[in-house]
Amino acid sequence: MMSLSRLARIAGAVMAGALFLQSGDALAQAASAPSDLSGIAEIIRWSGVFASILWIAGAWLILRVAGRFVEAFGGEFSSRRLTLQKVYTVLQFVIYVVSTIAVIFMSFRIDDTTMALVGGSLAVAVGFATKDLVASYIAGLIIMLDHPFQVGDRVKFAGEYGDIVAIGLRSVRMRTLDDNIVTIPNSKFLTDITASGNSGQLDMQVVIDFLIEPSQDAEEARTIVTEAALSSQFIFLPKPVVVLVSQWQDGLLIAVRLRLKAYVLDTRYEKEFESDVSIRVLKAFQQRGILVPSSIVRS
């Protein structure tokens, strides 16, 4: 019979062999990791990375100079402001797209090996991570082609009201009348309603309501409102000035409403025009004894 000590030596040798085989597998896996990393490193064209950095810096510089040019000349020549902003928006789009494609092709080797490495599960993961970004890019292109609004338009969207100052690949920037910059993803404009006040024109219609007592002379009040609008320095005279008269009711209060529809010569002067006309009208009403509703009684 085999002694217990000899059996113990055989068992120890078997266990040592098993441990050696496991360690060999671990070393093989560790050796394969650098090969994967080297495969990924081979995708990158290191000589093109520096060129890509220079390309990006040059594109940024061009956009910066063009933006300053549009801002300076747009302020000096108001009649050309919207045209310059439109040209700058198109230039911005072209530079973004061309720069993205150029950087990809300069920095990476696009071949079958590259496609295999970025394919499969990695492509699925990237797709889920960037689906909203891609949707915004596509929406940006649709905005550029369909023109629901343009840079410089005064737009009302999702409770925000202001001027469109930039249309990018990912988002639209709006400057509100309170001088806040609101960033809205492009994809939002595909499903929600957007109202543009001027549709690419400098002038824009402004609506102002005035109320008087039913017993007052509506014809005289209408003349006062019309003259106040026509004498304003912000009025755009080539387009008509209309004052509509109708009965107005809010709960138990009944009044006569005079709705002024006139065009301001530049969207930037919308609120100045509204204030100017309102002061003139209210002052004339007071001088001629035309009464306005002093209180609102609600049921």
Side-chain angles (χ1 to χ4, degrees), residues 78 82 147-150 152-164 172 174-180 182 184 188-189 191-299:
S78 297
L82 296 184
H147 296 296
F149 53 82
Q150 304 173 41
D153 282 4
R154 183 149 288 191
V155 169
K156 184 176 183 181
F157 176 80
E160 301 291 345
Y161 182 64
D163 297 324
I164 301 297
V172 169
M174 174 193 297
R175 177 179 284 111
T176 67
L177 302 187
D178 296 328
D179 202 26
N180 295 322
V182 179
I184 307 170
K188 297 291 185 181
F189 293 100
T191 55
D192 294 347
I193 297 176
T194 305
S196 178
N198 55 323
S199 299
Q201 303 296 321
L202 277 176
D203 60 274
M204 183 184 71
Q205 186 182 86
V206 178
V207 179
I208 310 173
D209 287 337
F210 299 97
L211 299 178
I212 63 173
E213 293 284 352
S215 59
Q216 303 303 299
D217 189 345
E219 188 64 35
E220 183 181 7
R222 183 180 185 181
T223 302
I224 291 173
V225 174
T226 304
E227 291 178 351
L230 291 173
S231 60
S232 174
Q233 62 177 323
F234 305 110
I235 189 70
F236 185 64
L237 292 175
K239 291 190 176 180
V241 175
V242 178
V243 179
L244 303 177
V245 180
S246 62
Q247 190 177 48
W248 178 88
Q249 183 174 359
D250 183 12
L252 299 178
L253 180 64
I254 298 176
V256 173
R257 182 182 67 185
L258 297 98
R259 170 160 290 181
L260 169 66
K261 293 185 176 182
Y263 288 82
V264 64
L265 58 87
D266 193 317
T267 56
R268 295 182 298 179
Y269 303 133
E270 175 191 0
K271 292 305 177 182
E272 287 86 346
F273 176 68
E274 184 176 342
S275 299
D276 182 37
V277 173
S278 296
I279 291 173
R280 292 169 183 268
V281 169
L282 295 176
K283 185 176 181 179
F285 281 177
Q286 185 178 15
Q287 291 175 347
R288 302 190 188 185
I290 297 178
L291 301 178
V292 300
S294 58
S295 62
I296 298 179
V297 181
R298 300 184 183 275
S299 58

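This structure is a prediction, so every number in the text was calculated from the model and none was measured.
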Looking only at non-hydrogen atoms, find the nearest pair between [X] and [Y] and report the distance.
| X | Y | answer |
| --- | --- | --- |
| D276 | Q233 | OD2-N, 4.0 Å |
| A218 | V256 | CB-CG1, 4.4 Å |
| K261 | V207 | CG-CG2, 4.1 Å |
| S232 | V277 | CB-CG2, 4.3 Å |
| G152 | D163 | O-OD1, 4.4 Å |
| V292 | L211 | CG1-O, 3.2 Å |

Name the residue from E270, R154, K156 that meets the side-chain hydrogen bond (donor to acceptor under 3.5 Å, both in side chains) definition with Y161.
E270
Any side-chain heavy atom of Q247 within less than 4.5 Å of one from I254?
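The answer is yes; the side chains approach within 4.5 Å.
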Among residues two or more places apart or on two chains, list those pairs meeting side chain to side chain donor-acceptor pair (under 3.5 Å) that have a residue in residues 212-222.
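Side chain to side chain donor-acceptor pair (under 3.5 Å) check on residues 212-222 returns no pairs.
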Between [atom1] of [X] and [atom2] of [Y], what distance do you get to the nearest 0.5 Å?
| X | Y | atom1 | atom2 | answer |
| --- | --- | --- | --- | --- |
| F273 | D266 | CZ | CG | 13.0 Å |
| E274 | I279 | CD | CD1 | 11.0 Å |
| L265 | L202 | CG | CG | 8.5 Å |

Centre-to-centre under 6.0 Å for F157 and F149, is that the case here?
no
Please determine, by modelled atom types, if S196 and D153 share a side-chain donor-acceptor pair under 3.5 angstrom.
yes
Aromatic rings F285 and F210: how do their planes relate, parallel, tilted or perpendicular, breaks at 30° and 60°?
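Aromatic pair F285/F210 classed perpendicular.
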